[in-house]
Amino acid sequence: MVKVIIRKRVKKRKPIKLKKSINYVLKKRPIVINYIPPKLERPKEEPKKDKPPQWQFPPNFEWMNKDKKKAVKWEGLPFPYVESNIKPIEKSFKKQDLRTISIKYPLIPSQPKRGEEIYAYTHIHWNDAGNELIYQIVEPEISEYDKQVLNVLKDYIREKIDIDFAAIKKFEARNYIFKKIDDAIDYFKLDLPESMIKIFRYYVYRDFLGFDMVEPLLQDENIEDISCDGTNIPFYIVHRDSRFGSIKTNVAFDNAEKLDSFVMKLAQRCGRDLSVAHPLLDGILPDNSRVQATLATDIARRGSNFTIRRFSKEPFTPSKQVLSHTCDINIMAYLWFAMENGRSILISGGTGSGKTSFLNSISMLAKPEEKIVSIEDTGELQLPHPNWIPEVARSALTTGGRGSVTLFDLLRESLRQRPDRIIVGEVRGKEAFVLFQAMATGHPGLATIHAESIDTLIDRLITEPINLPSTLLEILDVIVFISRVKIGDRIFRRITAIEEIAGMDYKTKRPLVNNFAKWDPKSDEFIIADKSVVLKNIVDRTGINEVDMDADILNKIKFLNWLAKNQISDYKQIGTYFAQYNADNAGFLENIGEVDERTIPPKEREKRNKHKREHHGKKHK
């Protein structure tokens with residue numbers, strides 16, 4: 001085997017030889033610098049003088065810390081605080097006292113006349129077997145044979161009905177049903193006593209014109225919510241009495257078919273379609289109750305379920321809020337004065353915290369001659385004002401989404417009605433932009449929103465789905481925070497804070513907030529925490545004297561105190577008194593035995609108000 005070696009030819013180079021002179025290494029002549037810089041003499045040092053120590057920022061100073069916001073101060077005016085002598089609801093209640101509770105009151109009829117028979121009543125008592133409080137519905141008892149006869153009568157009447165009950169009045173439908181019952185008894189030639197005929201009439205009327213076994217619950221004005229979680233599960237109700245809260249009932253559907261049929265009946269009464277393809281229902285009953293229901297499909301594991309949220313027929317009024325200690329007369333007078341001078345108010349809180357009830361209460365503080373437009377999903381507001389336009393949004397009439405009228409549509413059109421005040425039941429979408437634009441153009445607004453704190457509220461307003469420009473937040477004046485709080489073993493609603501928008505920080509794009517008032521959970525009292533920026537703005541814009549402003553607020557406090565002392569809570573009656581007070585303040589105060597603050601010399605008023613403020617500050621320091 002022959003090895004072949006391949007060698008690369010390398011060109012030989014001569015080694016570089018350096019000569020003695022280094023100039024020959026460079027191809028060009030070197031640059032010769034003949035300039036020699038002169039030696040610089042150092043200036044003579046002057047004797048050191050004692051300099052005054054420079055002031056330094058403390059380490060915890062917020063201005064030096066870039067991560068923190070700048071400390072901004074704004075001007076405000078003190079509020080003429082008045083000590084209230086209104087006694088709120090007694091809170092000294094212990095959970096052990098529930099074992100001694102035994103309350104009975106009629107449901108059908110709810111207000112029986114003397115000698116009138118009662119067909120359904122409730123008995124709230126302690127159940128030793130379940131170790132819990134129970135809400136028991138008591139109805140006329142019938143035997144198994146009587147139940148079979150009743151079912152036969154129902155089948156006969158169901159075949160003979162030839163009218164639409166929704167198209168006639170309630171008493172006409174009642175008389176029609178009673179006549180059909182008599183016809184059915186004559187047809188089957190039943191020999192029944194008069195007492196049994198009355199019981200049959202009750203059950204037929206309850207099942208045909210009412211809501212079956214749920215009808216007695218719907219007749220109780222003390223119930224806020226009714227919930228059914230499935231088949232063979234007792235109903236639970238939320239009672240308005242703060243001692244009870246959520247209570248178990250003795251009512252339940254023992255058959256899945258009956259429960260499904262009842263949920264379909266709810267959908268029909270709401271004017272909605274419900275099917276397996278569309279098993280969710282969100283509607284409003286004829287009595288203005290809100291319904292959410294789910295038909296038994298693969299998404300409802302325990303069967304069909306529903307929740308009925310009921311609203312009080314008698315709306316909350318300012319005096320009711322003071323008597324229930326949701327707020328005190330000082331806060332109510334402050335909101336009254338702010339509304340009277342065209343300030344916009346936003347009520348914020350969690351679910352079931354009483355936002356709409358408080359919105360209804362402060363809406364009554366508007367002057368009777370003002371034109372008010374209210375826009376809601378569900379018609380809950382009830383105002384005594386004659387110049388009031390209530391509007392309610394409407395869902396789509398067809399499956400394609402046609403025929404719907406949203407809050408945005410109603411709010412946009414309301415601006416053309418030239419309202420003095422716009423009320424929006426709840427802000428949760430693009431209608432917020434129209435509302436804030438309306439406030440910017442001089443239409444004071446009232447609205448509610450779901451948020452527990454000021455930071456959460458701002459984040460909700462400037463992010464999707466509301467997505468409001470942060471610069472519009474400066475238009476808002478007052479934010480009222482309301483919550484459900486637990487005091488002892490009872491649940492109450494309290495105004496936890498009142499925040500004022502004092503300006504806008506355009507660097508952080510966040511509003512500057514002044515904490516005007518807050519609720520002290522230890523003493524269960526309301527504290528005026530700081531001066532009011534809103535009152536300062538009102539004085540600057542209207543030119544009213546500060547002393548006259550204090551007199552106006554104190555007169556309002558006297559009026560509200562008189563309403564609360566006399567426990568005047570009917571909203572129509574309160575509307576009449578508000579109209580009389582707005583027409584002649586001094587005359588009304590004189591009639592109720594109070595002195596008009598404007599008749600007191602200004603110096604004496606200022607001295608007294610200053611003493612009250614100092615006393616209030618020392619008390620809550």
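Counting begins at 1 with the first residue of the sequence.
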Do Leu512 and Asp505 have side chains that get closer than 4.5 Å, going by heavy atoms? yes

Partner residues of Trp388 under the ring pair (Phe, Tyr, Trp, His ring centres under 6.0 Å) criterion, sequence neighbours left out: none

Quick one, Glu340 and Asp552 - any side-chain contact, counting heavy atoms below 4.5 Å? yes

Any pair counted as ring pair (Phe, Tyr, Trp, His ring centres under 6.0 Å), so long as it reaches residues 326-363, sequence neighbours left out: Tyr334-Phe516, Trp336-Phe559, Trp336-Phe578, Trp336-Tyr581

Taking the side chain from Asp220 and the backbone from Leu107, do they hold a donor-acceptor pair closer than 3.5 Å? no

Show the nearest heavy-atom pair for residues Gln382 and Tyr571, with the distance to one decimal. OE1-OH, 3.8 Å

Smallest heavy-atom separation, Pro419 atom then Ser414 atom, equals CD-O, 3.3 Å

Side chain to side chain contact (heavy atoms under 4.5 Å, CB included) between Phe211 and Ile308: does it pass, once the steps are laid out? CA-CA 12 Å; Phe211 289 89; Ile308 302 176; over 6 Å; no

Please evaluate residues Leu209 and Lys170 with respect to the criterion side chain to side chain contact (heavy atoms under 4.5 Å, CB included), reporting the C-alpha separation (whole Å), side-chain torsions for both, the decisive distance (0.1 Å), and the verdict. CA-CA 9 Å; Leu209 297 179; Lys170 190 174 182 179; over 6 Å; no

Using modelled atom types and a 3.5 Å cut-off, is there a donor and acceptor pairing between side-chain atoms of Ser361 and backbone atoms of Phe316? yes

Distance-minimising heavy-atom pair for Glu431 and Leu411: O-CD2, 3.0 Å

Keeping the roles fixed (side chain from Asp282, backbone from Gln292), state whether a donor-acceptor pair exists under 3.5 Å. no

Given side chains that start at C-beta, do those of Phe433 and Pro469 come closer than 4.5 Å, heavy atoms only? yes

If only atom types and distance count, is the side chain of His385 paired as donor or acceptor with the main-chain N or O of Ile372 below 3.5 Å? no

Residues Asn360 and Ser363: side-chain donor-acceptor under 3.5 angstrom: no

To check you understand the geometry: which heavy-atom pair defines the closest contact between Asn330 and Pro80, and what is its length? OD1-O, 4.2 Å

Salt bridge between Glu314 and Lys320, side-chain N to carboxylate O under 4.0 Å? no

Has Lys355 got a side-chain atom pairing as donor or acceptor with Gly350's backbone, closer than 3.5 angstrom? yes

Please check if the number of heavy atoms outside Glu369 that lie under 6.0 Å from its CD is greater than 12. yes

Strictly by modelled atom types, are Ser532 and Glu500 linked by a side-chain donor-acceptor pair under 3.5 Å? yes

Any non-hydrogen side-chain atom of Ser319 less than 4.5 Å from a side-chain atom of Ile574? yes

Give, for atom OG1 of Thr317 and atom CD1 of Ile362, the distance between the pair rounded to the nearest 0.5 Å. 13.0 Å

Go through the steps for Val533 and Ile501 under the test side chain to side chain contact (heavy atoms under 4.5 Å, CB included), then give the verdict. CA-CA 8 Å; Val533 179; Ile501 303 300; over 6 Å; no

Can you confirm whether Phe436 sits close enough to Leu468 that some side-chain heavy atom of one is under 4.5 Å from a side-chain heavy atom of the other? yes

Do Lys572 and Asp570 sit within salt-bridge range, that is, some charged N less than 4.0 Å from a carboxylate O? no

Does Val534 offer a backbone N or O that forms a donor-acceptor pair with the side chain of Asn537 under 3.5 Å? no

Separation of Cys327 SG from Met332 CE (nearest 0.5 Å): 3.5 Å

For residues Ile449 and Ile466, determine if any side-chain heavy atom of one lies less than 4.5 Å from a side-chain heavy atom of the other. yes

Does His325 offer a backbone N or O that forms a donor-acceptor pair with the side chain of Arg494 under 3.5 Å? yes

Tightest non-hydrogen contact, residues Pro444 and Ser344, listed as CA-OG, 3.7 Å

For the pair His278 and Arg272, evaluate side chain to side chain contact (heavy atoms under 4.5 Å, CB included) and give the outcome as yes or no after the intermediate values. CA-CA 11 Å; His278 302 282; Arg272 302 292 179 85; over 6 Å; no

Look up atom CG in Asn555 and atom CG in Leu560, then write down how far apart they are to the nearest 0.5 Å. 11.0 Å

Interatomic distance, CG@Asp420 vs NE2@His443, rounded to 0.5 Å, equals 8.0 Å

What one should report as the nearest heavy-atom pair of Pro384 and Gly575 is CG-CA, 3.8 Å

With a sphere of 6.0 Å drawn around NZ of Lys371, does it hold more than 12 non-hydrogen atoms of other residues, nucleotides or ligands? yes

Any non-hydrogen side-chain atom of Pro315 less than 4.5 Å from a side-chain atom of Met364? yes

Ignoring hydrogens and angles, tell me if any N or O in the side chain of Arg310 forms a donor-acceptor pair with the backbone of Leu218 under 3.5 Å. yes

Residues Glu224, Arg484: salt bridge by 4.0 Å N-O rule: no

Side chains of Ser289 and Asp287: is there a donor and an acceptor less than 3.5 Å apart? yes

Look at the side chain of Lys558 and the backbone N and O of Val595, then say whether any donor-acceptor pair between them is shorter than 3.5 Å. yes

Could you check whether any side-chain N or O of Asn566 sits under 3.5 Å from a backbone N or O of Trp562, counting only pairs where one atom can act as donor and the other as acceptor? yes

Any chance you could measure Arg493, atom CZ, to Ser483, atom OG, to the nearest 0.5 Å? 11.0 Å

Determine whether Leu381 and Pro390 make a side-chain contact, defined as any pair of heavy atoms from C-beta on separated by less than 4.5 Å. no

Gap separating the CG atom of Asn514 from the CD1 atom of Ile498, nearest 0.5 angstrom: 11.5 Å

Is Arg290 paired with Glu380 through a side-chain N to carboxylate O contact shorter than 4.0 Å? yes

